[in-house]
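Side chains included, hydrogens not; waters and symmetry mates left out as well; all remaining heavy atoms used.
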Amino acid sequence: MFAALILWTHALAALLFGALALWAWRRKEGAPRRPLALALAATALWALSVAGLGSGETGTSFAELLRNLAWLAFMIVLHRRDGNVRPPVALGTVYGVVVLVSVASVVLHIIGMSDDPMAGEFLAASLLMRMLFAVAALVLIRALHQAIAPETSVGLRWTVRALAAIWFIDFNLVSVAYITAAWPQALLALRGLGMIAVAGAMAAALQRKDEWNVSVSRTVAYQSLSLVAILAFFALLALTTSAIATVGGANARVLQTAFVFGSTAAMLTLVSSTWLRAWLKVKLAKHFFRHRYDYRAEWMRFTDTLGSPAGAAPLDERIVKAIADLVESPGGTLLVPEGQGLGHGAVWNWDSDATGPAEAALAQHLANTGRILELDGLRGADSVEAALLPQWMLDRTDAWVLVPLPHLGTLTGAILLARPPLDRALDWEDFDLLKVAGRQVASYLAEARAQEALADAQRFDEFNRRFAFILHDIKNLVSQLTLTARNAERHADKPEFRADMVETLRDSAEKMTALLARLSQHGPRRAEPLRAVEILPLVERIAAERSAQHPVVASGHPAIAFADPAALDQLLAHLVQNAIDASPASEPVTIAVAGDANHVTIEVIDHGIGMSPGFVRDKLFKPFVSSKSGGFGIGAFEARQLATQMDGRIDVTSREGAGSRFRVTLRTALVPTTERAA
């Protein structure tokens, strides 16, 4: 029964793959049609060989080799389609090693089918090689699948997955055959069914019209080479232990154990060597790739280091690390502008005790030329650049390269890098990469310093603004004290005036103390929490205080508003003082209070010179713009700011020659009736 299933399933698979080969040959878009058609035809030939000859025959092994080579060639062609650029040599080397493994399996199978006494061992080795090939092919399939463009190559993804299914089935089948030393008939029949399903998946993929685009990364190439090395190591272990079992006699088991243990320990020791890993990476980059660096990967790592989130290392330290990682330097230090020269800055993973400043001549040279200096070539040399370097930099044998950081014609700093584990001279790619990266980090440094300067300027601006407000308040206090002193000449003998003068002096002293406290603050004034404030008593007190200077009348009904008492007092003081300054001596200033269920209004009304609509619209609330000679233009500006902080607003109605009305609107604070009665 199994023999019939093997025959008919593989024969049907051969028919399907043959039809797919003709279909692929006639297609005009999508996949590379000729390599795909040849691979499908080779698969059809192999399936036909299994159906006619059987899985263990030499002819079937040759057909399987042809099928594997055809699919590997198809995969290489896909890599070449990446912008019509040849894939890395490293990737081609991996494919070549995998091809050799497949060829070796066929050679071992041919030897095993002969009359050689060691035929059984060769057949087992052939199966082992086929397993190694299947694993390697699956890893290459995974790398190819990762390189496929996700949106535009859905059909290619399905084809690659179907191809992976072929070698996955082969691996399981050959593994059972290696363990049992016989071909399992049930699994052979299932393989035929699996190949029919694979043909259906490939047919579905060929129906799609999208582009088949592949991009190869350097990481994939390194991983593939690592896989080949691992597979070669295990193949060596398997072959050597088999040879020891043949010639070792009674001590074969001891010799096998010693060999496996010793070779594994040696391999782990080599892999753990930092110097060896760096050496291998340099050699691979030099001999297997057209460029030393994978610029996309390096730039993503570079920008990720610079853009670390808040809470990471400071920016200066991240800049040093980002530059050092590009050339695998273990550490470095940042030299920052200090006077005309360079001083000690941030350090990353390096001893900073032996570092020092650099003279202005070196800083000027780096700014003018932008040259990257290799210190090894300058130590002991009789050159201009060697003379510019500070002695401490030449004395440090671990100091390797000095990278300038130019930005818009100026030098924002320089980075001194430590010597990497594998010492080497820089080539043109290193210079180009470090030059571009140096300019990039220089822009980061310049932006950070500009932000610091802006923050300092904002702090000075806040101080100047606060000082301007306070100067305006001092001017008002001086005016009030001057008027009191003038009136004292006429009314000093009156007890009522003396009492009022003492109260005025006490109030002025309190206000000046508050002004000094505001001036000593290191940040913007923080508004107090709003609370319910009785408005009419506050207005009556302000009117009484200003009555000695000018007639001020308070009127209205009791009202309670949400406000900051100190801020509201200062706000009304500004508006009342402006009204007094704008009014004739005989015209009183009125402060009227009104309220309803939602709002409380406080109106400051004068009958003075008034303002034009244009002045109210464009200049009234602008700082440092005033209609009064010698005025600071601060009162109205600060009044509106204070009103906004209390969730209120100021509206102005004015007419030239008829006076002005300033209306302050605040939110009503509703309190229980019993509390209002009390």
> How far does CD of Glu64 sit from CD1 of Ile166, to the nearest 0.5 angstrom?
Replying inline: 10.5 Å
> Any chance CZ of Phe168 has more than 12 other-residue heavy atoms, nucleotides or ligands included, within less than 6.0 Å?
Replying inline: no
>> If you apply the rule side-chain contact (heavy atoms from CB on, under 4.5 Å), what do you find for Arg142 with Val160, and how did you get there?
In response: CA-CA 9 Å; Arg142 178 180 177 273; Val160 169; over 6 Å; no
>> Taking side chain to side chain donor-acceptor pair (under 3.5 Å) as the cut-off, I'd like each qualifying pair that reaches into residues 12-24, sequence neighbours left out, listed once.
In response: none
> How about Phe302 and Leu326: do any of their side-chain heavy atoms sit closer than 4.5 Å?
Replying inline: yes
> Side chains of Tyr178 and Leu128: closer than 4.5 Å at any heavy-atom pair?
Replying inline: yes
> Are the side chains of Ile141 and Leu163 in touch, meaning some heavy atoms are under 4.5 Å apart?
Replying inline: yes
>> Apply salt bridge (charged side-chain N to carboxylate O under 4.0 Å, His left out) to residues Lys435 and Asp430 and explain how you reach the verdict.
In response: CA-CA 8 Å; Lys435 183 178 294 184; Asp430 297 311; over 6 Å; no
> Could you state the interatomic distance from CH2 (Trp348) to NZ (Lys321), rounded to the nearest 0.5 Å?
Replying inline: 5.5 Å
> Heavy-atom distance under 4.5 Å between the side chains of Arg301 and Asp304, does that happen here?
Replying inline: no
Below 3.5 Å, can you tabulate the donor-acceptor pairs from side chains in residues 38-46 to any protein atom, sequence neighbours excluded?
from	atom 1	to	atom 2	distance (Å)
Thr43	OG1	Ala39	O	2.8
Thr43	OG1	Trp71	NE1	2.8

> Is there a donor-acceptor pair closer than 3.5 Å between any side-chain N or O of Thr412 and the backbone N or O of Leu405?
Replying inline: yes
> Please walk me through it: do Trp400 and Leu375 pass side-chain contact (heavy atoms from CB on, under 4.5 Å)?
Replying inline: CA-CA 6 Å; Trp400 184 44; Leu375 301 188; over 6 Å; no
> What pairs of residues pass the salt bridge (Lys or Arg N to Asp or Glu O under 4.0 Å) test when at least one of them lies in residues 68-78, not counting sequence neighbours?
Replying inline: none
Could you pull out every donor-acceptor pair under 3.5 Å between side chains of residues 437-446 and any protein atom, sequence neighbours left out?
from	atom 1	to	atom 2	distance (Å)
Ser443	OG	Gln440	O	2.5

> Under the salt bridge (Lys or Arg N to Asp or Glu O under 4.0 Å) rule, what pairs show up with a residue in residues 131-141, not counting sequence neighbours?
Replying inline: none
> Can you list the residues that meet the side chain to side chain contact (heavy atoms under 4.5 Å, CB included) rule with Val436, with sequence neighbours excluded?
Replying inline: Trp299
> So do the side chains of Arg191 and Ile6 get within less than 4.5 Å of each other, counting heavy atoms only?
Replying inline: no
>> Looking at Gly54, is its backbone amide N or carbonyl O close enough to the side chain of Thr60 to form a donor-acceptor pair, meaning the two atoms are under 3.5 Å apart?
In response: yes
>> With no hydrogens and no angle check, just 3.5 Å: does a side-chain donor-acceptor pair link Asn68 and Trp167?
In response: yes
> Any donor and acceptor pair, going by atom type alone, linking the side chain of Asp398 with main-chain N or O of Arg419 inside 3.5 Å?
Replying inline: no
> What heavy-atom pair brings Arg318 and Ala313 nearest, and what distance separates the two atoms?
Replying inline: NH1-O, 2.6 Å
>> Is the shortest side-chain heavy-atom distance between Ile319 and Leu315 below 4.5 Å?
In response: yes
> Is there a side-chain contact between Met202 and Leu16 (heavy atoms, below 4.5 Å)?
Replying inline: no
>> Side chains of Met75 and Tyr95, heavy atoms from C-beta outward: is any pair under 4.5 Å?
In response: yes
> Any donor and acceptor pair, going by atom type alone, linking the side chain of Ser126 with main-chain N or O of Ser105 inside 3.5 Å?
Replying inline: yes
